[in-house]
Amino acid sequence: MAKYLLLKHYRGAPAAVNDVPMDQWTPEEISDHVRYMNDFAARLEKTGEFVDGQALAPEGTFVRYDGEGRPPVTDGPFPETKDLIASWMVIDVDSHERAVELAGELSAAPGAGGEPIHEWLELRPFLHAPPTITE
């Protein structure tokens with residue numbers, strides 16, 4: 001089994017087919033979307049392919065260590081990056097092909113008007129070992 005991270009972006013990815021921002025959806029459209037996501041995760045729990053998933057708030061803060069006893073809090077030089085990730089899901093599947101299949105299915109979650117979003121999801125494999133350095 002191989003673990004993959006599925007990332008849903010607020011922005012920064014190519015535009016979805018049904019590209020209406022969630023803050024413009026009706027409460028019913030939001031409920032339908034969340035239900036789809038929960039049903040998807042529940043189905044993967046039954047097959048043993050679901051590891052974890054969470055939605056993220058758009059706000060956030062960059063934090064950096066700056067010396068003994070002084071960890072400053074800063075938005076950093078790129079404050080717009082803090083709202084790129086809307087949610088994530090970790091799956092554990094038999095192959096890259098299965099991960100792509102599931103990401104494609106998740107991409108079809110309903111959005112405005114109940115139509116599938118067909119959003120782009122970022123699919124990233126977990127490292128199994130640290131990268132090797134070659135000289």
Side-chain angles (χ1 to χ4, degrees):
M1 301 285 276
K3 289 184 182 163
Y4 288 85
L5 179 63
L6 297 169
L7 294 171
K8 291 174 64 77
H9 293 264
Y10 280 114
R11 58 182 174 195
V17 173
N18 185 359
D19 195 24
V20 178
M22 189 179 262
D23 62 2
Q24 296 175 21
W25 296 2
T26 67
E28 182 179 279
E29 291 167 343
I30 292 171
S31 293
D32 290 346
H33 181 80
V34 171
R35 185 178 311 105
Y36 182 98
M37 302 291 291
N38 289 338
D39 290 348
F40 182 84
R43 187 168 50 83
L44 294 187
E45 283 178 342
K46 289 179 183 174
T47 65
E49 295 173 305
F50 181 81
V51 176
D52 197 6
Q54 297 290 323
L56 300 174
E59 62 275 351
T61 304
F62 282 99
V63 178
R64 159 186 105 186
Y65 178 78
D66 198 29
E68 188 64 37
R70 301 180 325 172
V73 175
T74 176
D75 275 337
F78 308 107
E80 69 278 3
T81 61
K82 68 183 176 187
D83 63 349
L84 288 180
I85 307 300
S87 67
W88 55 270
M89 182 179 290
V90 177
I91 57 174
D92 194 0
V93 295
D94 288 328
S95 66
H96 177 74
E97 292 75 17
R98 177 65 175 155
V100 169
E101 176 186 339
L102 292 174
E105 186 177 334
L106 189 59
S107 159
E115 296 298 317
I117 299 171
H118 295 292
E119 67 183 324
W120 290 91
L121 298 176
E122 186 176 352
L123 178 64
R124 307 238 348 233
F126 279 50
L127 282 176
H128 296 295
T132 56
I133 299 173
T134 57
E135 292 181 29

Shortest non-hydrogen separation from Ser87 to Ala55 and the atoms involved: CB-CA, 3.6 Å
Same apolar cluster: Leu123 and Phe50, side chain cutoff 4.5 Å: yes
Closest non-hydrogen atom pair, Gly114 against Glu29: N-OE2, 4.3 Å
Ser107 side chain to Ala103 backbone, donor-acceptor under 3.5 Å: no
Distance (rounded to the nearest 0.5 Å) between Thr47 OG1 and Leu102 CG: 7.5 Å
Flag if over 12 foreign heavy atoms under 6.0 Å of CD, Gln24: yes
Rounded distance (nearest 0.5 Å) linking atom CG of Leu44 with atom CG of Asp92: 11.0 Å
Residue pair Leu106, Met37: steps toward the side chain to side chain contact (heavy atoms under 4.5 Å, CB included) verdict: CA-CA 7 Å; Leu106 189 59; Met37 302 291 291; 3.5 Å; yes
Value rounded to 0.5 Å, distance of CH2 in Trp120 from CG in Leu7: 15.0 Å
Spatial distance of atom NE2 (His33) from atom CD1 (Ile117) [nearest 0.5 Å]: 4.5 Å
Hphob cluster co-occupancy, Trp88 + Leu6, side-chain heavy atoms under 4.5 angstrom: no
Nearest heavy atoms of Tyr4 and Phe126, plus distance in Å: C-CE1, 3.8 Å
Verify same cluster id: Trp25, Val34 (apolar side-chain graph, 4.5 Å): yes
CG-CD distance between Asp52 and Glu45, expressed to the nearest 0.5 angstrom: 9.5 Å
In one Ile/Leu/Val/Met/Phe/Trp/Tyr side-chain cluster, 4.5 Å: Met1, Val90: no
Distance-minimising heavy-atom pair for Gly111 and Asn18: C-ND2, 3.9 Å
Linked, directly or transitively: Leu5 and Val93 (ILVMFWY side chains, under 4.5 Å): no
Heavy-atom pair with the smallest gap, counting every atom of Pro116 and Ala108: CB-O, 3.4 Å
Partners meeting salt bridge (charged side-chain N to carboxylate O under 4.0 Å, His left out) with Glu122 (sequence neighbours left out): Arg124
Tyr36 to Glu105 - nearest heavy-atom pair and separation: OH-O, 2.6 Å
